[in-house]
K.L.:
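Please find one structure pasted underneath; my questions will follow.
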2 protein chains.
Amino acid sequence: MDHSPTKPHHHGALRAALIQAGIDILQSDGLQGLTLRKCAARAGVSHAAPAHHFDGLVGLKGAIAHHGLSLFRDAMLAASAGAADDLAQLKGICRGYLDFAAAQPALFRLMFGFEKHEHRKVSVELDDDLAYEVLRQACAPFVRDDLPAPILEAQVWSLIHGYATLYLSGNFLRELHALPQQQAFEQVMAAFDRMVTR
Amino acid sequence: MDHSPTKPHHHGALRAALIQAGIDILQSDGLQGLTLRKCAARAGVSHAAPAHHFDGLVGLKGAIAHHGLSLFRDAMLAASAGAADDLAQLKGICRGYLDFAAAQPALFRLMFGFEKHEHRKVSVELDDDLAYEVLRQACAPFVRDDLPAPILEAQVWSLIHGYATLYLSGNFLRELHALPQQQAFEQVMAAFDRMVTR
DNA sequence: ACTTGCAATTTGACGCTGTCAAGTTATGTG
DNA sequence: CACATAACTTGACAGCGTCAAATTGCAAGT
């Protein structure tokens with residue numbers, strides 16, 4: 001028998017390894033393919049090891065979503081860096097939003113796809129805005145007396161999130177998908193021109 | 001020659017019963033709780049009976065989503081009936097959109113939550129627009145030379161779909177949820193006033 | 001009326017899943 | 001070095017989707 005010489009992960013290393021394994025599995029197998037046992041196997045530990053680092057599968061998903069949100073924030077920031085003006089910056093963030101969803105669809109679905117009863121378990125790890133703060137700052141220059149920040153943020157976020165979600169679905173927005181992706185995106189985001197200017 | 005739709009012999013239409021059972025289970029147990037075996041049990045048949053009416057679990061989900069889309073369309077039509085003008089009609093449809101998502105969150109998630117590899121299996125049942133046609137007609141009065149129909153429809157659909165999705169998530173749009181639901185909805189949908197008027 | 005055919009359904013099995021209980025091992029501290 | 005404790009393994013259990021084979025029951029053919 002080959003006793004594996006693998007030395008046990010110590011303090012906290014396994015937690016990060018399991019999260020990374022989960023992200024890899026999401027990328028290759030989709031959201032349905034994300035499994036506690038597969039994460040454990042990929043991290044080189046037994047099927048019950050994750051239980052000591054996460055509160056079950058929901059807890060692991062919450063931790064993956066939390067890490068994904070930080071990647072998401074970085075992607076949006078990178079996409080909006082070097083924008084010429086405030087409007088270009090806002091659209092850059094939306095571009096990063098869509099590109100992230102397209103590049104990591106399963107992770108994106110996981111991040112925004114929790115059911116209500118799961119939220120209680122993972123909300124502690126998600127509620128420190130992370131990504132929301134980026135959007136809020138990009139919206140700030142366009143706040144007016146008759147357009148308070150929460151409303152404007154909700155309009156912007158709803159538009160880009162809905163577009164990204166429907167884009168991922170593939171089954172909807174068919175006529176739009178006939179256009180080149182870049183052109184369709186820009187024309188839809190042109191809605192901001194009217195929403196945001198006086 | 002005429003191969004009419006199969007009429008089950010023992011009980012009534014098992015196919016319809018399974019779909020209704022699925023919708024009931026979605027309502028009570030959520031999307032995760034939707035199971036082939038539970039649908040079969042609730043319909044009073046054995047765990048393998050559904051296999052003869054649907055192509056596995058994905059097929060059943062597709063059929064449920066298909067039926068859900070017709071309910072969805074009816075809800076939007078009902079919510080927009082008797083609108084004073086074109087804009088009120090558009091907003092009424094959006095109201096119906098959100099209310100449906102809030103009333104049947106798990107069914108709503110199922111309808112829009114298929115993964116890409118699942119779409120091939122169920123696309124045949126979903127692609128006959130059903131709900132999209134309602135939105136398209138509501139958008140038609142606002143089409144302009146510089147705002148072709150597919151773009152406008154994508155803008156409207158993205159906004160209301162993103163809002164409904166983020167609303168269901170509960171974990172996002174926190175500041176907005178502090179407002180009364182009706183007021184928040186109306187203020188967000190006020191974006192249409194600017195997007196749509198010349 | 002009786003047989004035959006066939007579709008619907010059941011039964012049973014398989015491997016996979018999440019989770020729990022108990023046992024084992026390694027680590028860090030006195 | 002001894003030992004307490006956290007980390008990890010092992011094993012078991014019920015529930016899941018799916019397949020194969022056996023069974024049932026209606027409908028038509030003769």
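Proteins come first, then strands; the chains are lettered A, B, ... in the order of their sequence lines, and each starts at number 1.
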K.L.:
Taking the minimum atom-to-atom distance to the side chain of A48(A), which one of dT17(C), dA21(C), dC8(D) wins?
P.N.:
dA21(C)
K.L.:
On DNA chain C, nearest-nucleotide positions of K38(A) versus H52(A): which is more 5'?
P.N.:
K38(A)
K.L.:
Confirm from the modelled atom types if H47(B) and dG15(D) form a donor-acceptor pair under 3.5 Å, side chain to base only.
P.N.:
no
K.L.:
Separation of L14(A) atom CG from dT27(C) atom C1', in whole Å?
P.N.:
15 Å
K.L.:
Without decimals, in angstroms, what is the distance between H53(A) NE2 and dT19(C) C1'?
P.N.:
16 Å
K.L.:
Does any pair with a residue in residues 87-98 of chain B pass salt bridge (charged side-chain N to carboxylate O under 4.0 Å, His left out), and if so which ones, sequence neighbours excluded?
P.N.:
K91(B)-D193(B), R95(B)-D99(B)
K.L.:
What is the minimum heavy-atom distance between G170(B) and R174(B), and which atoms define it?
P.N.:
O-NE, 4.3 Å
K.L.:
Specify the residues of residues 25-36 of chain A, ordered by number, for which at least one heavy atom lies under 4.0 angstrom from an atom of DNA chain C.
P.N.:
T35(A), L36(A)
K.L.:
Can you confirm whether the side chains of Q155(B) and Y163(A) place a donor and an acceptor under 3.5 Å from each other?
P.N.:
no
K.L.:
Regarding D24(A) and Q20(A), do their side chains bring together a donor and an acceptor under 3.5 Å, going by distance alone?
P.N.:
yes
K.L.:
Calculate the interatomic distance between L57(A) atom CG and dC16(C) atom C1'; express it in whole Å.
P.N.:
14 Å
K.L.:
Would you state whether a donor and an acceptor, one from the side chain of R37(B) and one from the base of dG15(D), lie under 3.5 Å apart?
P.N.:
no
K.L.:
Looking at H161(B) versus F108(B), is the centre-to-centre ring distance below 6.0 Å?
P.N.:
yes
K.L.:
Can you give the donor-acceptor pairs under 3.5 Å from side chains of residues 55-64 of chain B to other protein atoms, not counting sequence neighbours?
P.N.:
none

